[in-house]
Amino acid sequence: MSLLEIQDLSVVYEPRGAVPTHAVKNASLSLEQGEFVGLVGESGSGKSTLGFAVTRLAKAPARISGGRIVFDGTDIAHLDAEELRSQRRGGFAMVLQSGMNALNPVRSIANHFGDIFAAHGHVPKGRRRQRAIELLDKVQLPSTVLDRYPGELSGGMRQRVSIALALSLEPRLMVFDEPTTALDVLVQHAVMDTVRELQAAEGFTAVLISHDLGVVLESAERVVVMHDGEIVEDGASRQIFSAPAHPYTQMLLSHYADPRAEVVELPGFERKASAAERAGGNGEARPERAAAHDAIVVDHVSKVYPPPRRGEKAVTAVDDVSFRLEPGAAMALVGQSGSGKSTIAKMVTGVERPTSGTVTFGDLRVDRLRRRQLRTLHADVQMVFQDPYSALNPLHTVEYTLTRPVENFTGLKGEAARERVLQLLETVGLTPVEQYAAKLPHQLSGGQRQRVVIARALASDPQVLIADEPVSMLDVSLRAGVLSLLEDLRADLGVSLLYITHDLLSARVVTDQIMVLHHGKVVESGGTTQVLRFPEDAYTTQLLDAIPQPARRFAGGAAS
Amino acid sequence: MRYALRKLGLLVLTLWAAVTLNFVIPRLMPGSPADAAIAKLAQNGPVTPSVQAAIEAQLGVPGGSIWDQYVTYLNNVIHLDFGVSYTFFPQQVSELVAGALPWTLIMVGAVTVIAFVLGTLIGIGAAWKRGTWMDSLPTVAGSFLSAFPYFWTALLIVFFLGYVLGWFPTSGAYSATAVPNLSWEFLGDVLYHAALPAITILITSLGGWILGMRNTMINTLGDDYVTFAEANGLRGRTVAIRYAARNAILPNLTGFGMALGGVVGGSLLVEQVFAYPGVGYLLFNAVTNQDFPLMQALFLMITVSVLLANFLVEILYGVLDPRTRR
């Protein structure tokens with residue numbers, strides 16, 4: 001008998017006064033004891049809703065509208081609260097996406113374990129501390145963590161703690177909902193290793209929910225693909241990797257590529273020759289629309305922040321970095337969080353001043369600009385932000401959002417400004433422009449929002465765009481579109497691009513030059529293809545290794 | 001511990017600053033109480049130098065350098081010597097304040113604490129049972145009652161419960177015939193007299209606490225640690241109290257500190273309506289009679305009580321939230 005049998009499960013969201021959404025439609029799935037299954041889909045595919053329904057954590061307005069969830073012979077879809085609560089020990093556990101927020105900030109880690117032991121009474125009082133230490137050891141944390149509060153631990157440590165807490169229930173089924181998405185690249189890799197080792201050692205059934213097919217293919221034996229609330233494909237990882245049957249799976253898979261490969265191609269993305277190159281490399285014959293004519297020169301720049309608390313050391317965010325962003329060029333700044341890449345962006349845009357060194361843009365000394373001169377700089381250097389969901393004011397229409405910078409920077413008014421706004425929307429590919437102009441941010445998808453953010457950055461007709469992780473919040477199917485928009489802007493308008501990311505694949509496709517940052521220092525730089533294909537620094541190799549490589553796992557197999 | 005000491009140091013510093021401001025501000029104002037009294041007399045006819053000297057002697061025109069005055073003033077403050085009241089001459093200001101303060105602290109202070117505790121508990125219940133009658137009843141009733149102006153509620157209560165029905169006395173802190181002592185009989189009399197003002201304050205402030213707690217707790221209930229606690233099969237009560245409410249109460253503590261600090265100064269209206277002999281009543285008298293020594297002492301009291309209440313809340317924060325202790 002299967003450990004978990006999901007039969008025709010449907011989950012509906014019924015918000016008061018709104019149209020109900022069928023998030024999961026007649027899903028059927030059975031899991032055997034000890035299986036490691038990946039559940040993949042993009043946002044809105046219903047994968048998390050399914051995960052929450054299976055662990056009976058779905059809350060109003062979500063409701064299980066039909067079907068059965070048989071766990072170990074019992075239909076848990078209709079258990080009452082107390083039966084369900086006691087089932088959670090030795091039953092099904094869940095590790096949430098944002099493990100950093102899954103711990104109560106005002107209770108110590110020891111208390112978290114204590115609460116679970118007390119709720120189920122499965123560990124005698126005298127042994128509780130010992131048991132907690134054993135569990136922490138399983139996720140490779142020292143016992144000193146017990147007396148800490150969540151705020152005193154790093155994101156990766158907190159996610160490990162929540163895995164240990166889930167493990168303390170001695171579950172037979174563990175659902176991991178995007179367990180590493182909120183974590184830093186290298187930490188992600190380490191946490192996933194721990195998850196795999198634990199699953200092998202403890203023998204629980206694992207369900208790994210992720211938007212990242214690469215992560216899933218690397219860990220799971222079997223992959224279930226969801227799209228629009230339906231399970232569209234269910235098969236062994238090897239088979240999904242080598243011969244995906246459903247077009248949606250094929251699409252997801254096509255967006256995976258190894259940044260180290262000789263040729264990297266993304267569907268929907270085409271590399272173009274830049275405006276300058278098309279002009280025959282001859283500087284004088286630039287096309288009329290070559291926007292950029294000034295280089296950004298960063299010269300021996302350092303940024304030291306004062307110590308966060310008294311008695312601690314000052315933080316050196318950027319340490320003696322120099323580079324030159326030529327007009328019309330595209331350069332990537334890569335590194336894990338805390339490597340100083342965003343601080344460099346802040347100094348280039350004049351938001352922060354370097355502690356030492358100089359930043360120049362054309363004749364402007366960016367590091368010495370006063371408030372009023374910053375405006376001059378910002379007419380030419382603009383920023384595209386990471387999170388399109390918070391970069392737009394939800395109360396303003398797209399037209400209003402774009403009209404403000406147009407009026408501020410170009411001095412156009414009224415009908416002329418509107419004309420320019422529509423032209424910007426056209427440039428970023430939001431057509432029909434009139435319709436998009438009237439929309440509010442919540443009526444747009446993530447990719448469309450990011451296009452609006454880019455359009456806003458273009459309002460001043462800038463020479464340089466600084467894009468800070470512009471696609472990391474977007475689904476893979478939308479990424480290529482935004483990336484090719486950036487590519488078009490560079491090729492057709494001649495805008496220079498400083499591309500900040502931890503995602504080496506996207507850096508590979510949109511940039512020519514790359515700088516790898518580690519602890520504020522440049523550890524490696526050069527041509528993007530060269531550096532990623534033949535990394536010389538150990539840290540670059542580490543970053544490359546952290547990228548899930550299903551190809552490597554299945555390389556020994558028939559299809560590769 | 002280091003956190004508490006640091007906050008204590010800060011308290012001493014702010015107290016000193018408040019006391020000093022209380023010294024400086026009256027001195028920056030043109031004229032003096034003696035000038036004002038003499039000017040008033042001068043409207044009725046010329047003031048002889050002897051009368052002028054007598055007034056100045058009586059009201060105490062300061063002598064010596066400003067520094068000497070400051071030292072004398074600090075010394076007086078430390079010994080709680082605020083001079084003699086004009087209105088209740090020849091009573092000491094300190095005696096008057098000492099006579100009024102307990103009534104305010106006990107009645108208004110206790111009710112403020114009770115309102116906060118009760119409101120928070122009801123708020124927790126409402127958020128936990130969101131969408132049921134346990135949620136809608138207190139939230140609707142709370143917002144309805146707290147929408148009434150303070151004095152209007154007070155007047156309605158005096159009229160109906162005190163005057164029409166005659167259940168409660170409408171003025172005073174205890175019966176005219178009662179002798180203040182520590183007997184149960186006297187205590188009962190005090191509670192009986194405190195009932196109407198207490199009910200008024202409770203009615204008008206309870207709603208705010210209920211709504212505040214309910215809304216913040218609904219937010220914390222949506223937080224991941226609550227979902228995770230449920231996923232781990234913790235008992236409902238543990239999740240509600242230790243996880244959701246423990247975190248939801250933190251922002252409300254600030255409001256509580258402000259309410260507590262406002263007890264001494266904010267009781268003016270209610271004490272006026274119920275002729276309750278507390279600090280508010282005294283302050284009203286001091287202001288209408290231009291009783292400067294009394295006013296100065298009361299203003300200082302109000303400042304000090306706000307500072308103390310804030311200190312208390314900060315210590316409470318330190319106990320409840322490990323993040324602030326660092």
Side-chain angles (χ1 to χ4, degrees), chain A residues 16 51-52 55-61 81-82 84-108 111-120 122 147-152 158 161-162 165-169 171 174-175 177 182 308-310, chain B residues 2-3 5-7 9-10 120 124 127-132 134-136 216-254 314-326:
Chain A
R16 215 179 289 176
F52 273 78
T55 46
R56 280 297 310 275
L57 287 170
K59 280 187 202 170
E82 186 52 31
L84 182 68
R85 195 187 72 76
S86 57
Q87 269 274 331
R88 293 196 186 274
R89 191 189 80 71
F92 34 89
M94 178 109 174
V95 174
L96 299 172
Q97 170 167 13
S98 36
M100 29 246 301
N101 305 327
L103 302 177
N104 185 347
V106 301
R107 282 182 89 62
S108 70
N111 278 334
H112 279 86
F113 280 102
D115 286 341
I116 296 181
F117 296 148
H120 299 289
H122 62 301
D147 296 313
R148 302 284 197 84
Y149 287 91
E152 299 167 349
R158 275 181 266 175
V161 169
S162 60
L165 286 167
L167 211 55
S168 75
L169 295 166
M174 248 171 118
V175 179
D177 184 16
R309 281 193 281 282
R310 239 181 296 170
Chain B
R2 256 188 47 207
Y3 171 80
L5 283 178
R6 206 166 64 221
K7 290 290 167 202
L10 215 62
T120 302
I124 292 174
W128 187 244
K129 300 275 175 194
R130 177 181 19 168
T132 67
M134 272 186 71
D135 179 16
S136 44
T216 42
M217 178 142 156
I218 289 209
N219 276 331
T220 56
L221 279 174
D223 279 347
D224 283 340
Y225 49 81
V226 171
T227 312
F228 191 52
E230 282 172 358
N232 290 336
L234 301 198
R235 290 204 173 79
R237 180 185 288 259
T238 317
V239 177
I241 304 294
R242 287 191 195 162
Y243 283 70
R246 240 324 269 292
N247 282 288
I249 205 168
L250 295 174
N252 288 358
L253 280 182
T254 311
E314 292 213 330
I315 294 296
L316 214 56
Y317 251 115
V319 173
L320 288 177
D321 190 348
R323 285 165 295 186
T324 55
R325 266 177 247 156
R326 281 181 274 155

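Computed from a predicted model, the values in this text were never measured in an experiment. Proteins get letters first, then strands, A, B, ... in listed order; numbering begins at 1 in each.
Only the backbone of Ala118(A) comes within contact range of chain B, with heavy atoms under 4.5 Å apart. Using a 4.5 Å cut-off between heavy atoms, Ile116(A) contacts chain B through both its backbone and its side chain. Of the two parts of Arg88(A), only the side chain, counted from C-beta on, holds a non-hydrogen atom closer than 4.5 Å to a non-hydrogen atom of chain B. For Arg242(B), the parts lying near chain A are the backbone and the side chain together; criterion is any non-hydrogen pair under 4.5 Å. In this structure, the portion of Leu250(B) lying under 4.5 Å from any heavy atom of chain A is its side chain and not its backbone.
The two residues Phe228(B) and Ala166(A) come nearest to each other via the heavy atoms CZ-N, 4.3 Å. Summarising the geometry of Pro322(B) relative to Tyr149(A), their closest heavy-atom pair is CG-CD2, 3.2 Å, with the distance given to 0.1 Å. Residues Tyr243(B) and Asp115(A) come closest through the heavy atom pair OH-OD2, 2.7 Å. Of all the heavy atoms in Leu169(A) and Ala231(B), the pair that sits closest is CD1-O, 4.0 Å. In this structure, Arg323(B) and Val106(A) approach most closely via the heavy-atom pair NH2-CG1, 4.1 Å.
Side-chain contact of Asp223(B) with Asn101(A): a donor-acceptor pair under 3.5 Å is absent, judged by distance alone.
Taking NE2 of His120(A) as the reference point, atom CZ of Arg235(B) lies at 8.5 Å (rounded to 0.5 Å). The CG atom of Leu103(A) sits 11.0 Å away from the OH atom of Tyr225(B) when rounded to the nearest 0.5 Å. Atom CZ in Phe117(A) sits 10.5 Å away from atom CG in Asn232(B) (nearest 0.5 Å).
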List the steps, then state whether side-chain contact (heavy atoms from CB on, under 4.5 Å) holds for Lys59(A) with Glu230(B). CA-CA 11 Å; Lys59(A) 280 187 202 170; Glu230(B) 282 172 358; 3.2 Å; yes
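Listed options Asn247(B), Thr227(B), Asp321(B), Thr238(B) were ranked by heavy-atom pairs under 4.5 angstrom with chain A; first place goes to Asn247(B).
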